[in-house]
Amino acid sequence: MRLLEEVYQWRTHDSQTDVPFSFQVPEGMEQIRIRFGFFPGKETDPLICLPPIEQSMNRYYGYYPRALQPMEKEHFIPIKNLITISLDKDGVYLGNAHRWATSQEHVLSAGHASLGFVPPEKMAGKWRGTLHLHEILSERVTGHLIVEGETDV
């Protein structure tokens, strides 16, 4: 049973923001399956990548003479877009999938949870989640979130 489906469009200015979502799991559901994906997973255009690379190099290596550890900015291309997902149930934090994967699937039941999460005490009830847009470097990123409840496990 489909509990939630959302399609998102994000731009560079959406970096470092959070996108909340919520869904209700009815009685009788034994597990939920969350599928999340986004595209593109990385940015390859040097005109887009080089300014933040230079900014980061100045921020993190600005105290050291570059001659000590020469770095070519071009070696850091491509840069990955990073979006992670966290969940809570009835106000109890269940965890976070902090992964680079652009296609993710997370399964939770009262007795099992995908890596990064803990199982909830019960399935039925109000669930909340957050998509954490750590880095959106591409001019446009499309995300797709599907939550399904399953009664036969």
Side-chain angles (χ1 to χ4, degrees), residues 1-57 59-61 73 75-153:
M1 165 191 268
R2 182 114 346 142
L3 303 174
L4 176 69
E5 182 169 10
E6 297 286 343
V7 176
Y8 303 95
Q9 291 289 322
W10 297 301
R11 297 184 169 281
T12 304
H13 67 268
D14 293 314
S15 283
Q16 299 180 5
T17 62
D18 291 331
V19 178
F21 63 91
S22 63
F23 55 95
Q24 187 74 29
V25 174
E27 291 292 336
M29 291 290 155
E30 292 185 28
Q31 78 177 21
I32 61 167
R33 183 175 308 274
I34 300 170
R35 291 193 309 257
F36 173 65
F38 62 94
F39 178 84
K42 58 187 172 186
E43 181 57 55
T44 59
D45 183 345
L47 293 176
I48 294 173
C49 293
L50 289 176
I53 291 171
E54 180 65 33
Q55 181 182 19
S56 294
M57 289 174 77
R59 180 176 182 182
Y60 296 108
Y61 295 99
K73 292 181 280 192
H75 291 171
F76 293 97
I77 298 173
I79 297 178
K80 293 180 179 181
N81 295 305
L82 176 60
I83 303 171
T84 63
I85 184 170
S86 63
L87 291 172
D88 69 67
K89 161 88 175 38
D90 299 325
V92 176
Y93 178 72
L94 298 178
N96 186 311
H98 205 281
R99 298 171 176 74
W100 287 104
T102 58
S103 180
Q104 303 178 24
E105 182 174 273
H106 311 289
V107 179
L108 291 97
S109 69
H112 169 79
S114 292
L115 189 62
F117 299 99
V118 296
E121 288 187 23
K122 66 177 190 156
M123 296 305 296
K126 179 81 170 180
W127 289 68
R128 294 182 322 153
T130 303
L131 298 173
H132 304 277
L133 310 181
H134 297 278
E135 184 67 60
I136 303 294
L137 194 61
S138 299
E139 290 181 4
R140 177 169 289 150
V141 173
T142 300
H144 192 196
L145 174 69
I146 297 173
V147 179
E148 294 176 322
E150 300 172 0
T151 56
D152 257 352
V153 181

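Residue numbers start at 1 and run along the sequence shown.
Summarising the geometry of F117 relative to I85, their closest heavy-atom pair is CZ-O, 4.0 Å, with the distance given to 0.1 Å.
The main-chain N or O of E43 is never found under 3.5 Å from a side-chain atom of N81 such that the two would form a donor-acceptor pair. Remark: side-chain polar atoms of K89 are paired, donor with acceptor, to backbone N or O of A124 under 3.5 angstrom. Within the 3.5 Å criterion, the main-chain N or O of I136 finds a donor-acceptor partner in the side chain of S15. Between the side chain of T12 and the backbone N or O of S138, at least one donor-acceptor pair lies under 3.5 Å.
With salt bridges taken as basic N to acidic carboxylate O contacts below 4.0 Å, one links E105 and R33.
Between T142 and H144 there is no side-chain heavy-atom pair separated by less than 4.5 Å. Contact check for I34 versus L87: side-chain heavy atoms found under the 4.5 Å cut-off.
Classified by interplanar angle (parallel below 30°, tilted 30° to 60°, perpendicular above 60°), the ring pair F23/W127 is parallel.
Contacts of E148 classified as side-chain contact (heavy atoms from CB on, under 4.5 Å), with partners at least two apart in sequence or in another chain: R2, R35, I146.
Taking the six-membered ring for Trp, H132 and H98 have ring centres at least 6.0 Å apart.
Heavy-atom neighbours of Q9 CD from other residues, nucleotides or ligands within 6.0 Å: above the threshold of 12.
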